[in-house]
Amino acid sequence: MHLKPVFAANWKLNHTPTDARSFLQRFLALTPRQQDRTIVLCPSAITLTTVTDGLRDRPDIWVGVQNVHSEAQGAYTGENSVLMARDVGARVVLVGHSERRHVFGETDAMMTKKCALVAQARLTPILCVGETLEERESGAAATVVERQLAAGIAEMDDTQVGAMMLAYEPVWAIGTGKTATPEDASDIHGVLRRALAERIGEKAAAGVPILYGGSVNRGNASTLLSSPDVDGLLVGGASLDPDGWSSIVRSSATSTE
Ligand code: PEP
(Lines give C-alpha, C1' and ligand atoms only; values in the text may rest on other atoms or scores of the structure.)
Protein backbone atom coordinates (compact mmCIF):
# COMPACT_ATOMS: atom_id res chain seq x y z
CA MET A 1 0.00 0.00 0.00
CA HIS A 2 1.53 3.31 -1.02
CA LEU A 3 -1.34 5.79 -0.59
CA LYS A 4 -2.21 7.50 2.68
CA PRO A 5 -4.67 4.91 4.07
CA VAL A 6 -8.31 5.86 4.53
CA PHE A 7 -10.39 4.53 7.42
CA ALA A 8 -14.09 5.26 6.93
CA ALA A 9 -16.80 4.46 9.47
CA ASN A 10 -20.34 3.80 8.26
CA TRP A 11 -22.58 4.09 11.30
CA LYS A 12 -25.70 3.18 9.28
CA LEU A 13 -28.88 3.68 11.34
CA ASN A 14 -27.01 3.77 14.66
CA HIS A 15 -25.85 6.41 17.12
CA THR A 16 -28.20 9.21 18.12
CA PRO A 17 -26.66 12.66 18.67
CA THR A 18 -26.39 11.78 22.38
CA ASP A 19 -24.60 8.51 21.56
CA ALA A 20 -22.31 10.38 19.16
CA ARG A 21 -21.24 12.83 21.88
CA SER A 22 -20.23 9.96 24.18
CA PHE A 23 -18.54 8.16 21.29
CA LEU A 24 -16.45 11.21 20.41
CA GLN A 25 -15.46 11.90 24.00
CA ARG A 26 -13.94 8.43 24.27
CA PHE A 27 -12.69 8.06 20.69
CA LEU A 28 -10.86 11.40 20.64
CA ALA A 29 -9.27 10.69 24.01
CA LEU A 30 -7.91 7.41 22.62
CA THR A 31 -6.93 8.67 19.18
CA PRO A 32 -4.21 11.29 18.80
CA ARG A 33 -4.06 13.42 15.66
CA GLN A 34 -3.14 11.31 12.67
CA GLN A 35 -1.08 12.90 9.88
CA ASP A 36 -0.35 9.76 7.92
CA ARG A 37 -3.93 8.56 7.42
CA THR A 38 -7.39 9.87 6.71
CA ILE A 39 -10.20 9.05 9.13
CA VAL A 40 -13.81 9.58 8.07
CA LEU A 41 -16.97 9.26 10.16
CA CYS A 42 -20.30 8.82 8.35
CA PRO A 43 -23.13 9.25 10.86
CA SER A 44 -26.82 9.55 10.01
CA ALA A 45 -27.85 12.94 8.61
CA ILE A 46 -29.61 13.80 11.90
CA THR A 47 -26.49 13.07 13.94
CA LEU A 48 -24.11 14.79 11.54
CA THR A 49 -23.97 18.29 13.00
CA THR A 50 -23.35 16.89 16.47
CA VAL A 51 -20.34 15.09 15.01
CA THR A 52 -19.00 18.13 13.13
CA ASP A 53 -19.40 20.22 16.30
CA GLY A 54 -17.55 17.58 18.30
CA LEU A 55 -14.70 17.58 15.76
CA ARG A 56 -14.15 21.37 15.69
CA ASP A 57 -10.65 20.91 17.15
CA ARG A 58 -9.88 17.83 15.04
CA PRO A 59 -9.71 18.85 11.38
CA ASP A 60 -7.71 15.68 10.75
CA ILE A 61 -10.99 13.73 11.00
CA TRP A 62 -13.42 14.11 8.11
CA VAL A 63 -17.17 13.73 8.21
CA GLY A 64 -19.27 12.16 5.49
CA VAL A 65 -22.88 11.31 4.72
CA GLN A 66 -24.18 7.84 3.98
CA ASN A 67 -26.31 8.81 1.00
CA VAL A 68 -27.68 11.79 -0.93
CA HIS A 69 -30.57 12.11 -3.33
CA SER A 70 -29.80 12.04 -7.05
CA GLU A 71 -31.28 15.52 -7.54
CA ALA A 72 -29.78 18.61 -5.91
CA GLN A 73 -33.14 19.89 -4.63
CA GLY A 74 -36.89 19.65 -5.15
CA ALA A 75 -40.02 17.83 -4.00
CA TYR A 76 -38.37 14.72 -2.54
CA THR A 77 -39.79 14.38 0.96
CA GLY A 78 -37.47 12.70 3.41
CA GLU A 79 -34.31 12.98 1.33
CA ASN A 80 -31.00 14.82 1.86
CA SER A 81 -29.05 16.70 -0.79
CA VAL A 82 -25.40 17.24 -1.65
CA LEU A 83 -25.84 20.95 -0.97
CA MET A 84 -27.13 20.22 2.54
CA ALA A 85 -24.29 17.77 3.12
CA ARG A 86 -21.69 20.34 2.04
CA ASP A 87 -23.33 23.11 4.06
CA VAL A 88 -23.02 21.15 7.31
CA GLY A 89 -19.38 20.31 6.71
CA ALA A 90 -19.45 16.87 5.10
CA ARG A 91 -16.50 16.18 2.81
CA VAL A 92 -17.38 12.75 1.51
CA VAL A 93 -20.52 10.92 0.42
CA LEU A 94 -21.04 7.16 0.31
CA VAL A 95 -22.64 6.35 -3.03
CA GLY A 96 -24.21 3.01 -3.86
CA HIS A 97 -23.69 1.26 -0.54
CA SER A 98 -25.02 -2.27 -0.94
CA GLU A 99 -27.88 -1.56 1.47
CA ARG A 100 -28.95 1.34 -0.78
CA ARG A 101 -28.79 -0.97 -3.78
CA HIS A 102 -30.34 -4.09 -2.26
CA VAL A 103 -32.68 -2.79 0.48
CA PHE A 104 -33.78 0.43 -1.21
CA GLY A 105 -33.59 -0.76 -4.82
CA GLU A 106 -31.14 1.86 -6.07
CA THR A 107 -29.88 1.28 -9.60
CA ASP A 108 -26.65 1.83 -11.52
CA ALA A 109 -28.40 4.69 -13.35
CA MET A 110 -28.93 6.43 -10.01
CA MET A 111 -25.23 5.97 -9.18
CA THR A 112 -24.31 7.71 -12.42
CA LYS A 113 -26.33 10.77 -11.40
CA LYS A 114 -25.25 10.73 -7.76
CA CYS A 115 -21.52 10.44 -8.42
CA ALA A 116 -21.64 13.30 -10.92
CA LEU A 117 -23.68 15.48 -8.56
CA VAL A 118 -21.39 14.79 -5.59
CA ALA A 119 -18.27 15.58 -7.62
CA GLN A 120 -19.82 18.79 -9.01
CA ALA A 121 -20.52 19.86 -5.42
CA ARG A 122 -16.79 19.35 -4.75
CA LEU A 123 -17.41 16.55 -2.30
CA THR A 124 -15.60 13.23 -2.56
CA PRO A 125 -17.76 10.29 -3.59
CA ILE A 126 -16.86 6.91 -2.13
CA LEU A 127 -18.47 4.71 -4.75
CA CYS A 128 -19.29 1.32 -3.22
CA VAL A 129 -19.29 -1.73 -5.47
CA GLY A 130 -19.58 -5.42 -4.75
CA GLU A 131 -21.06 -8.68 -5.90
CA THR A 132 -23.66 -10.90 -4.23
CA LEU A 133 -22.80 -14.45 -3.16
CA GLU A 134 -24.66 -15.81 -6.18
CA GLU A 135 -22.67 -13.57 -8.51
CA ARG A 136 -19.38 -14.61 -6.88
CA GLU A 137 -20.25 -18.31 -7.10
CA SER A 138 -21.11 -17.97 -10.76
CA GLY A 139 -17.74 -16.33 -11.46
CA ALA A 140 -19.24 -12.92 -12.21
CA ALA A 141 -17.63 -10.86 -9.42
CA ALA A 142 -15.21 -8.96 -11.67
CA THR A 143 -17.86 -8.25 -14.31
CA VAL A 144 -20.29 -6.95 -11.70
CA VAL A 145 -17.86 -4.52 -10.09
CA GLU A 146 -16.63 -3.32 -13.50
CA ARG A 147 -20.22 -2.60 -14.49
CA GLN A 148 -20.92 -0.75 -11.23
CA LEU A 149 -17.73 1.30 -11.58
CA ALA A 150 -18.48 2.15 -15.23
CA ALA A 151 -21.94 3.40 -14.22
CA GLY A 152 -20.60 5.43 -11.30
CA ILE A 153 -18.02 7.30 -13.37
CA ALA A 154 -20.02 7.61 -16.60
CA GLU A 155 -20.81 11.31 -16.17
CA MET A 156 -17.72 12.40 -14.24
CA ASP A 157 -14.79 14.03 -15.99
CA ASP A 158 -11.32 12.51 -15.67
CA THR A 159 -10.20 14.96 -12.97
CA GLN A 160 -13.26 14.11 -10.89
CA VAL A 161 -12.60 10.38 -11.32
CA GLY A 162 -9.01 10.89 -10.18
CA ALA A 163 -10.26 12.62 -7.03
CA MET A 164 -12.85 10.03 -5.97
CA MET A 165 -12.55 6.95 -3.76
CA LEU A 166 -13.88 3.45 -4.30
CA ALA A 167 -14.92 0.82 -1.80
CA TYR A 168 -15.07 -2.85 -2.69
CA GLU A 169 -17.68 -4.37 -0.41
CA PRO A 170 -18.75 -7.90 -1.33
CA VAL A 171 -22.43 -8.05 -0.38
CA TRP A 172 -21.99 -11.46 1.24
CA ALA A 173 -19.36 -10.02 3.61
CA ILE A 174 -21.30 -7.02 4.91
CA GLY A 175 -22.49 -7.48 8.47
CA THR A 176 -22.19 -11.27 8.17
CA GLY A 177 -18.89 -11.92 9.92
CA LYS A 178 -17.55 -13.38 6.63
CA THR A 179 -14.56 -11.48 5.28
CA ALA A 180 -13.08 -11.75 1.81
CA THR A 181 -9.61 -13.27 1.93
CA PRO A 182 -6.87 -10.70 1.42
CA GLU A 183 -6.17 -12.42 -1.94
CA ASP A 184 -9.81 -12.12 -3.08
CA ALA A 185 -9.88 -8.47 -2.00
CA SER A 186 -6.63 -7.77 -3.86
CA ASP A 187 -7.90 -9.50 -7.02
CA ILE A 188 -10.99 -7.32 -7.21
CA HIS A 189 -9.10 -4.17 -6.21
CA GLY A 190 -6.74 -4.96 -9.10
CA VAL A 191 -9.70 -5.27 -11.46
CA LEU A 192 -10.96 -1.88 -10.31
CA ARG A 193 -7.51 -0.28 -10.60
CA ARG A 194 -7.11 -1.54 -14.17
CA ALA A 195 -10.57 -0.28 -15.12
CA LEU A 196 -9.70 3.13 -13.66
CA ALA A 197 -6.40 3.14 -15.53
CA GLU A 198 -8.17 2.50 -18.82
CA ARG A 199 -10.26 5.57 -18.20
CA ILE A 200 -7.82 8.07 -16.60
CA GLY A 201 -4.37 6.54 -17.13
CA GLU A 202 -2.19 4.49 -14.83
CA LYS A 203 -0.67 7.36 -12.87
CA ALA A 204 -4.00 8.96 -11.97
CA ALA A 205 -5.56 5.56 -11.23
CA ALA A 206 -2.77 4.79 -8.78
CA GLY A 207 -3.86 7.83 -6.74
CA VAL A 208 -7.46 6.69 -6.23
CA PRO A 209 -7.87 5.05 -2.80
CA ILE A 210 -9.69 1.72 -3.05
CA LEU A 211 -11.07 0.69 0.34
CA TYR A 212 -12.14 -2.80 1.37
CA GLY A 213 -15.32 -3.25 3.40
CA GLY A 214 -17.12 -6.29 4.80
CA SER A 215 -16.85 -7.54 8.37
CA VAL A 216 -13.59 -5.72 9.07
CA ASN A 217 -12.62 -5.79 12.74
CA ARG A 218 -9.60 -4.99 14.84
CA GLY A 219 -8.33 -8.55 14.37
CA ASN A 220 -8.26 -8.57 10.57
CA ALA A 221 -7.68 -4.87 9.76
CA SER A 222 -3.87 -5.02 9.49
CA THR A 223 -3.85 -8.12 7.31
CA LEU A 224 -6.38 -6.64 4.91
CA LEU A 225 -4.44 -3.37 4.79
CA SER A 226 -1.31 -5.31 3.89
CA SER A 227 -2.88 -6.69 0.72
CA PRO A 228 -1.80 -5.24 -2.61
CA ASP A 229 -4.13 -2.51 -3.87
CA VAL A 230 -6.03 -2.23 -0.56
CA ASP A 231 -5.70 1.44 0.39
CA GLY A 232 -8.05 1.63 3.32
CA LEU A 233 -11.08 0.17 5.06
CA LEU A 234 -14.79 0.95 5.14
CA VAL A 235 -16.20 -0.37 8.39
CA GLY A 236 -19.77 -0.77 9.62
CA GLY A 237 -20.41 -2.73 12.82
CA ALA A 238 -16.88 -2.48 14.20
CA SER A 239 -16.86 1.32 13.88
CA LEU A 240 -19.63 1.78 16.46
CA ASP A 241 -17.52 1.13 19.51
CA PRO A 242 -14.99 3.92 20.18
CA ASP A 243 -12.32 1.61 21.59
CA GLY A 244 -12.54 -0.83 18.70
CA TRP A 245 -12.69 1.90 16.07
CA SER A 246 -9.72 3.70 17.60
CA SER A 247 -7.74 0.49 17.42
CA ILE A 248 -8.73 -0.06 13.76
CA VAL A 249 -7.82 3.48 12.66
CA ARG A 250 -4.42 3.12 14.30
CA SER A 251 -3.70 -0.17 12.47
CA SER A 252 -0.90 -0.40 9.98
CA ALA A 253 -0.18 -2.77 7.18
CA THR A 254 1.78 -5.72 8.56
CA SER A 255 4.05 -5.87 5.53
CA THR A 256 4.71 -3.73 2.48
CA GLU A 257 4.08 -4.65 -1.12
C1 PEP B 1 -20.57 -1.39 5.66
O2 PEP B 1 -21.69 -1.15 6.08
O3 PEP B 1 -20.09 -0.67 4.78
C4 PEP B 1 -19.87 -2.54 6.20
C5 PEP B 1 -18.75 -2.92 5.63
O6 PEP B 1 -20.42 -3.18 7.28
P7 PEP B 1 -19.72 -4.27 8.26
O8 PEP B 1 -18.34 -3.74 8.55
O9 PEP B 1 -20.59 -4.32 9.45
O10 PEP B 1 -19.66 -5.54 7.49
* Asked: Can Leu41 and Leu55 be said to form a side-chain contact (heavy atoms from CB on, under 4.5 Å), step by step?
  -> CA-CA 10 Å; Leu41 299 178; Leu55 293 174; 4.2 Å; yes
* **Thr16 and Asp19 side chains, donor-acceptor separation under 3.5 Å** => yes
* Asked: Any salt bridge between Asp108 and Arg101, counting N to O under 4.0 Å?
  -> yes
* Asked: When you measure from the side chain of Ser251 to the backbone N and O of Ile248, does any donor-acceptor pair fall under 3.5 Å?
  -> yes
* **Exam field: side chain Arg58 to backbone Pro32, donor-acceptor pair closer than 3.5 Å** => yes
* **side-chain contact (heavy atoms from CB on, under 4.5 Å) evaluation trace for Asn80 with Val65** => CA-CA 9 Å; Asn80 294 297; Val65 291; over 6 Å; no
* Check: Ser226/Thr223 side-chain N/O donor and acceptor closer than 3.5 Å -> no
* Can you label the angle between the Tyr168 ring and the His189 ring as parallel, tilted or perpendicular, going by 30° and 60°? => perpendicular
* Inspect the contact between Arg193 and Asp231 and indicate whether a charged nitrogen and a carboxylate oxygen are less than 4.0 angstrom apart. => yes
* Asked: Between Asp158 and Arg199, is the closest basic N to carboxylate O distance under 4.0 Å?
  -> yes
* **Partner of Val95 by side chain to side chain contact (heavy atoms under 4.5 Å, CB included), out of Thr112, Val118, Leu166, Val68** => Val118
* Taking atom types as modelled and ignoring hydrogens, do the side chains of Thr132 and Glu135 form a donor-acceptor contact shorter than 3.5 angstrom? -> yes
* Asked: SG of Cys42 to NZ of Lys12: how many Å apart, nearest 0.5 Å?
  -> 12.0 Å
* With ring centroids as reference points, do Phe23 and Trp11 lie under 6.0 angstrom apart? -> yes
* Asked: In this structure, are over 12 heavy atoms from other groups packed under 6.0 Å from Glu71 atom CD?
  -> yes
* To do: Assess the side chains of Thr181 and Asp184: does a donor N or O sit below 3.5 Å from an acceptor N or O?
  => yes
* Nearest-0.5 Å distance, SG of residue Cys115 to CG of residue Leu127 -> 4.5 Å
* For residues Ser246 and Thr31, is any side-chain donor paired with an opposing acceptor at under 3.5 Å? -> yes
